[in-house]
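Some notes on the structure that comes next.
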Number of protein chains: 2
Amino acid sequence: MENDLIMFKNLLLQNGYKFTSSRKHILKAILNSGTHLSAKEICEKVKEYHLGLATVYRALKLFNKLGIVKEITLSDRSYYELKLFSKNPLHIHFKCFKCNSIIDIDSQDLNLDYLKLSKKAETENNVEIYDSNIMFVGLCSKCKGEVKCQDEQNLEE
Amino acid sequence: MENDLIMFKNLLLQNGYKFTSSRKHILKAILNSGTHLSAKEICEKVKEYHLGLATVYRALKLFNKLGIVKEITLSDRSYYELKLFSKNPLHIHFKCFKCNSIIDIDSQDLNLDYLKLSKKAETENNVEIYDSNIMFVGLCSKCKGEVKCQDEQNLEE
DNA sequence: CTTGATGCAAAGGATTTGCACAAAT
DNA sequence: ATTTGTGCAAATCCTTTGCATCAAG
């Protein structure tokens, strides 16, 4: 079992939760994907083990509570991505309204600015910030020039 | 009729949409509130005119398309707030996970930083940013010290 | 063994849609 | 007159829950 998985196992056990095979498979799916997945997508990735959607949701909720994954909500769906032990614990998301793709904006520079902004907001407003989300919406580099696009729906409407 | 309303009327007409009394009432409700409202809350505010929820949703979707309102999504609900002609077209939201209140963080300073961040992301990633959302999650100043809170649900769980 | 976890199906809540009717241009 | 908008209820989609059963510690 990979190192990360062992850490997650301990984290669960230390908090009084069981490290079941369902949870292991779900965790592995998220670990291996390296991106944000919806509950349904995760269910797809582990379908060989026949886990119910409800189980996936319950596991994700738990992982979110333990800080293992981060939930990002978008219009009407939620996506989950690795948060703990991730190489990029903090990052900015960009959503293209034309092709609907979501990309991670990762630059040392931007993340630093982001962090600074967060700290400033914290002190200026006398609040305690535990988490934050930034989502930019616009046209991705591919769609900027194109007239046609993989998802025409948003254009026509 | 207020000035803003006339502008909205023209905006609708110029785009081939009708300026119906339903739309007027919904628009006024948003204008007068000065904050973010859910579809249901808006429906409540205009209940004297007996508009169906579906009508409210349809109007909000249209207003969003025309850039009149901004849709912000949170966990599983959507909220709508004035965007066009608003005094604060861009601002940072903060959500307290204890009392669930959402507050607008408005400071010249922070918004400037935010804008800079957005511009930098745009050039660095070769994308076109049309809109953006920042949401911080944590403890508001009221809840920071308190043990008890108006919404206990989130504590117990 | 004991308690927490799972599967299934049913419930829930937000949003959308089909259709006949009403209202704006 | 036409075309777009509305109301209602039904349909959808994502997510949660109840309950009997199963498996981890």
Side-chain angles (χ1 to χ4, degrees), chain A residues 1 5-6 8-27 29 36-44 46-66 68-69 71-80 100 153-154 157, chain B residues 1 5-6 8-27 36-44 46-66 68-69 71-80 100 153-154 156-157:
Chain A
M1 188 158 60
L5 232 33
I6 293 175
F8 291 131
K9 175 175 180 173
N10 292 334
L11 186 59
L12 284 174
L13 296 181
Q14 281 158 24
N15 282 277
Y17 299 103
K18 289 169 180 167
F19 186 71
T20 63
S21 68
S22 309
R23 288 175 178 163
K24 187 178 71 186
H25 292 134
I26 294 167
L27 224 25
H36 33 253
L37 299 169
S38 68
K40 204 180 261 177
E41 284 167 342
I42 292 170
C43 204
E44 270 300 301
V46 296
K47 66 164 172 291
E48 52 186 311
Y49 309 107
H50 302 95
L51 309 187
L53 236 193
T55 302
V56 174
Y57 275 111
R58 281 189 276 231
L60 290 172
K61 204 175 179 184
L62 174 63
F63 296 164
N64 188 49
K65 190 161 82 174
L66 294 177
I68 295 172
V69 302
E71 180 180 359
I72 67 178
T73 310
L74 210 52
S75 51
D76 60 344
R77 241 176 237 58
S78 277
Y79 294 88
Y80 305 84
N100 275 328
Q153 263 177 297
N154 296 310
E157 192 214 357
Chain B
M1 187 158 64
L5 232 33
I6 293 174
F8 292 131
K9 174 174 181 172
N10 291 334
L11 186 58
L12 284 176
L13 296 180
Q14 283 159 21
N15 283 278
Y17 299 103
K18 289 170 181 169
F19 186 70
T20 63
S21 67
S22 309
R23 286 173 181 167
K24 188 176 69 187
H25 293 134
I26 294 168
L27 224 25
H36 33 253
L37 299 168
S38 68
K40 205 182 259 177
E41 285 167 341
I42 293 170
C43 205
E44 271 299 301
V46 297
K47 67 163 172 292
E48 52 185 310
Y49 308 108
H50 303 95
L51 309 187
L53 237 193
T55 303
V56 174
Y57 275 111
R58 280 188 275 231
L60 289 172
K61 203 175 179 186
L62 175 63
F63 295 164
N64 188 50
K65 189 161 82 173
L66 294 177
I68 295 173
V69 303
E71 180 180 359
I72 67 178
T73 311
L74 208 53
S75 52
D76 60 344
R77 244 176 234 56
S78 277
Y79 295 88
Y80 304 85
N100 275 326
Q153 265 178 294
N154 296 309
E156 256 61 281
E157 191 218 358

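Each chain gets a letter, A, B and so on, in the order its sequence line appears, and its residues count up from 1.
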In whole Å, I'd like the distance from the [atom1] atom of [X] to the [atom2] atom of [N].
{"X": "B:Lys24", "N": "C:dA23", "atom1": "NZ", "atom2": "C1'", "value": "13 Å"}
{"X": "B:Lys47", "N": "D:dG7", "atom1": "NZ", "atom2": "P", "value": "16 Å"}
{"X": "A:Ile42", "N": "D:dC14", "atom1": "CD1", "atom2": "C1'", "value": "14 Å"}
{"X": "B:Leu12", "N": "D:dG5", "atom1": "CG", "atom2": "C1'", "value": "12 Å"}
{"X": "A:Leu53", "N": "C:dT6", "atom1": "CG", "atom2": "C1'", "value": "13 Å"}
{"X": "B:Tyr57", "N": "C:dG13", "atom1": "OH", "atom2": "P", "value": "13 Å"}
{"X": "A:His25", "N": "C:dA5", "atom1": "NE2", "atom2": "C1'", "value": "15 Å"}
{"X": "B:Glu41", "N": "C:dA14", "atom1": "CD", "atom2": "C1'", "value": "13 Å"}

D:dT6 phosphate, OP1 or OP2: any side-chain N/O from B:Ser22 under 4.0 angstrom?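 Affirmative; the distance criterion is met.
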
Please check the phosphate of D:dC13 (OP1 and OP2 only) for any side-chain N or O of A:Arg77 closer than 4.0 Å.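 Answer no for this pair, as no side-chain N or O of A:Arg77 is under 4.0 Å from OP1 or OP2.
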
[atom1]-[atom2] distance between [X] and [Y], expressed to the nearest 0.5 angstrom:
{"X": "B:Tyr80", "Y": "B:Glu41", "atom1": "OH", "atom2": "CD", "answer": "11.5 Å"}
{"X": "B:Leu27", "Y": "B:Ser22", "atom1": "CG", "atom2": "OG", "answer": "11.5 Å"}
{"X": "A:Leu51", "Y": "A:Arg58", "atom1": "CG", "atom2": "CZ", "answer": "11.5 Å"}
{"X": "B:Arg23", "Y": "B:Lys9", "atom1": "CZ", "atom2": "NZ", "answer": "13.0 Å"}
{"X": "A:Thr73", "Y": "B:Ile72", "atom1": "OG1", "atom2": "CD1", "answer": "12.0 Å"}

Backbone N/O of A:Leu11 and side chain of A:Asn15: donor-acceptor pair under 3.5 Å: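 Yes; at least one donor-acceptor contact below 3.5 Å.
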
Degree of bending in the helix from C:dC1-D:dG25 to C:dT25-D:dA1 once both end axes are built from five pairs, to 10°: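 One end's axis against the other's: 40°.
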
What verdict does the side-chain contact (heavy atoms from CB on, under 4.5 Å) test give for B:Leu12 and B:Phe8, after you've listed the backbone C-alpha separation in whole Å, the side-chain angles of each residue and the deciding distance to 0.1 Å? CA-CA 6 Å; B:Leu12 284 176; B:Phe8 292 131; 5.6 Å; no

At under 4.0 Å between heavy atoms, which parts of nucleotides 17-25 of chain D does protein reach? Answer with one letter per nucleotide, 5' to 3': B base, S sugar-phosphate only, - none. BB-----BS

Aromatic rings B:Tyr49 and B:His25: how do their planes relate, parallel, tilted or perpendicular, breaks at 30° and 60°?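 Parallel: the ring planes of B:Tyr49 and B:His25 meet at under 30°.
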
Does some side-chain heavy atom of B:Leu60 sit less than 4.5 Å from a side-chain heavy atom of B:Asn64?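 No; the side chains remain at least 4.5 Å from each other.
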
